[in-house]
Each structure stands twice: as structure tokens, then as C-alpha cells.
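Every value quoted in this text rests on a predicted model; they were computed, and no experiment measured them. If you read the sequence from its start, that first residue is 1, and numbering goes on from there.
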Amino acid sequence: LAADNLSEMLSLLEEYDREYLYSVATVDVYGKGANLGRGVIAFGDHATRGELPANTDPLKVSPPPRLSVPFELPELTLNRLSIRAVNAFVQLTQKRLEPIGHYEGFFYPLDMLGHWNRGYGRRGFAQYQFVIPFEDGEARMRHILDFIFASGELPFLNVLKRMGKQSGGVLSFPREGYTFAIDFPIRDHTVAVLRELDKLVVEAGGRIYLGKDSVVEADTFRAMYPAIDAWLAVKQKYDPNNVFTSDLARRVGLLSA
């Protein structure tokens, strides 16, 4: 389904989220003003054996892709023209999804191109993912998207979803709300932009996904995850000498005293 703006996008996600097990949207990064948040939404569920075409092997795994990025592309290939082309291709591909398709194409669309990460160049990319509450979520999301698209960075692939209730884990990322993930090729000002995004997410009462983070600072992390002291108490009890640690733990303050 196609949505013309953010309001329509979020409304459709809510409507079809009740009917389908899986739902995901891709946002057109060139939608501005009244068209901010326009994009395509894909919904899916598991097909029964009876719904599959004849002679279909539902568990067959595809061979390696025929097309592959042979080397890390130079940074000059990452420009507004190439982003516009990729953005248009993704939107068109999502619109043309078949009613019955293999799970690989639905869950892992990028894997149709081998070594796709090389397309981001030698410096690679950062995928920024956050979740913000449903309450005042549309206005907050609109503000964040406006900032991203006006930042001067080159926002590439993205996904927008609704997220269910949190599990109760002390440092668990999921919570009820809207979650958005977007790729940024690493450039000179990318880290500064991501830290400004951190501030907007905190203001919205949200948090980022640590599994994809490489820049959040300790005080910002603490604001996003206020239960950190309960986690640190357990860490101090069972690992007072910090046998278990990591670069991320040192950066965000996940070490025993």
C-alpha cells in the first residue's frame, strides 16, 4: 500500500497491524512538507501449504546472489542522485511485491545483492534506530524526520514499524511505540548529527537500539535507560571485577564501580 504522508502512513500501519503478523514501511526520503512521511507499506503473514503454488518448496534457501558489489565504492558515488535512484527503486520494489512470495525477499530484501554494504564506501555506514512512544508520536516523528532530511546528511535505506509491549528486561530496547531505522553513510559530520538525534529521541521519551549504536554518550544513554542503576547493582554483585566488558560498556557506563 502507498501512503501520501506521515498521518496516512501511521494510520495504515495501525489498521493493518491488527490483521497481519508482519508490517513494515519504507519512507520516501524526498517527501517534504505536506508529503513528509510518504512511502510504501508491506504486510505479510505465513502462508499455509494449501495457499502455495504447486511444486513449491517453502523451505528452499536461495543460492548466493548473481549480482554483487565487487569492491568498496568511492564516496563520490554516494550523492543525492544515487540516493534518489535507490530510494525510487526501493519504493517501486515494495509496491510490486507478489501476493505469495519467499520469506527471504520479505525479510531480507537487501540480500538480493551480494556484499551490498560495500556500496557505502570505505568508511561504511551507521544505522540509527530508535523507538518513541505512541503518545504524541506523530508530531514527534514529524519533527525528527524533518531534522534528518534537513541535516545535510545522505539518508539511505530506512524502515518504519509499530512496536509492541516491552518485555520487562532492565535494558530492553522494545517498548510500545513507533520504531524507525535509517542508514547514514559515514561522513565528516555524521556523528554530530546522530548526537543531535539522540537529544530529540530523549525529548520524545524514547531510546535508541544499542545493538546498532556506536556513538551515544553515557549521560544520554542514562536518560534513555533510567533503569540502568538496577542493572549496575546486579553487575556489581556478580561481576565486581568487570570480567565481562566491551567497548560499548566502557563508553556508556555499563561497568561495576
Any side-chain heavy-atom pair of [X] and [Y] under 4.5 Å:
X: Glu217; Y: Asp219; value: yes
X: Val24; Y: Ile41; value: no
X: Phe180; Y: Val27; value: yes
X: Phe173; Y: Leu210; value: no
X: Leu254; Y: Leu171; value: yes
X: Gln127; Y: Ile182; value: no
X: Asn35; Y: Tyr30; value: no
X: Phe130; Y: Ile132; value: yes

So, [X] versus [Y], ring centres under 6.0 angstrom or not?
X: Phe134; Y: Tyr178; result: yes
X: His46; Y: Tyr103; result: no
X: Tyr22; Y: Phe107; result: yes

For the pair [X] (side chain) and [Y] (backbone), establish whether a donor and an acceptor sit closer than 3.5 Å, ignoring hydrogens and angles.
X: Glu14; Y: Ser11; result: no
X: Thr56; Y: Pro53; result: yes
X: Glu104; Y: Ser62; result: yes
X: Ser151; Y: Val193; result: no

Basic-acidic side-chain contact under 4.0 Å: [X], [Y]:
X: Asp17; Y: Arg162; value: yes
X: Lys235; Y: Asp229; value: no
X: Lys32; Y: Asp146; value: no
X: Arg142; Y: Glu138; value: yes
X: Asp188; Y: Arg123; value: yes

With a cut-off of 6.0 Å (strictly less than), are more than 12 heavy atoms of other residues, nucleotides or ligands near CD of Glu135?
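Result for CD/Glu135: open.
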My understanding is that only residues two or more places apart in sequence, or in another chain, count here; which of them pass side-chain hydrogen bond (donor to acceptor under 3.5 Å, both in side chains) with Glu153?
Thr190
Taking the six-membered ring of Phe71 as reference, does the NZ or CZ atom of Arg118 fall below 6.0 Å from its centre and within a 45° cone about the axis?
no
Is the NZ or CZ atom of Arg207 both under 6.0 Å from the centre of the six-membered ring of Tyr225 and within 45° of that ring's axis?
yes
Within this structure, what is the [atom1]-[atom2] distance for the pair [X] and [Y], rounded to the nearest 0.5 Å?
X: Glu15; Y: Phe43; atom1: CD; atom2: CZ; answer: 8.0 Å
X: Ser23; Y: Leu13; atom1: OG; atom2: CG; answer: 5.5 Å
X: Gln236; Y: Asn241; atom1: CD; atom2: CG; answer: 9.0 Å

Determine, step by step, whether Arg195 and Asp198 satisfy the salt bridge (charged side-chain N to carboxylate O under 4.0 Å, His left out) criterion, reporting the C-alpha distance in whole Å, the side-chain angles of both residues, the deciding distance to 0.1 Å, and the verdict.
CA-CA 5 Å; Arg195 286 183 174 156; Asp198 286 344; 5.6 Å; no
Looking only at side-chain N and O atoms, does [Y] offer a donor or acceptor that is under 3.5 Å from a partner on [X]?
X: Asn87; Y: Asp28; answer: yes
X: Tyr128; Y: Asp183; answer: no
X: Gln94; Y: Thr26; answer: no

Do you know which two heavy atoms are closest between Ser172 and Pro174, and how far apart they sit?
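In terms of heavy atoms, the two residues are closest at OG-CD, 3.2 Å.
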Looking only at heavy atoms, what is the nearest atom pair of Leu73 and Gly119, with distance?
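Answer, listing the atom of Leu73 first, then Gly119: CD1-CA, 3.8 Å.
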Residues Phe221, Ile208; criterion side-chain contact (heavy atoms from CB on, under 4.5 Å); working and verdict:
CA-CA 8 Å; Phe221 170 75; Ile208 63 166; over 6 Å; no
Can you check side-chain contact (heavy atoms from CB on, under 4.5 Å) on Leu197 and Phe184, steps first, answer last?
CA-CA 12 Å; Leu197 276 173; Phe184 291 98; 4.2 Å; yes
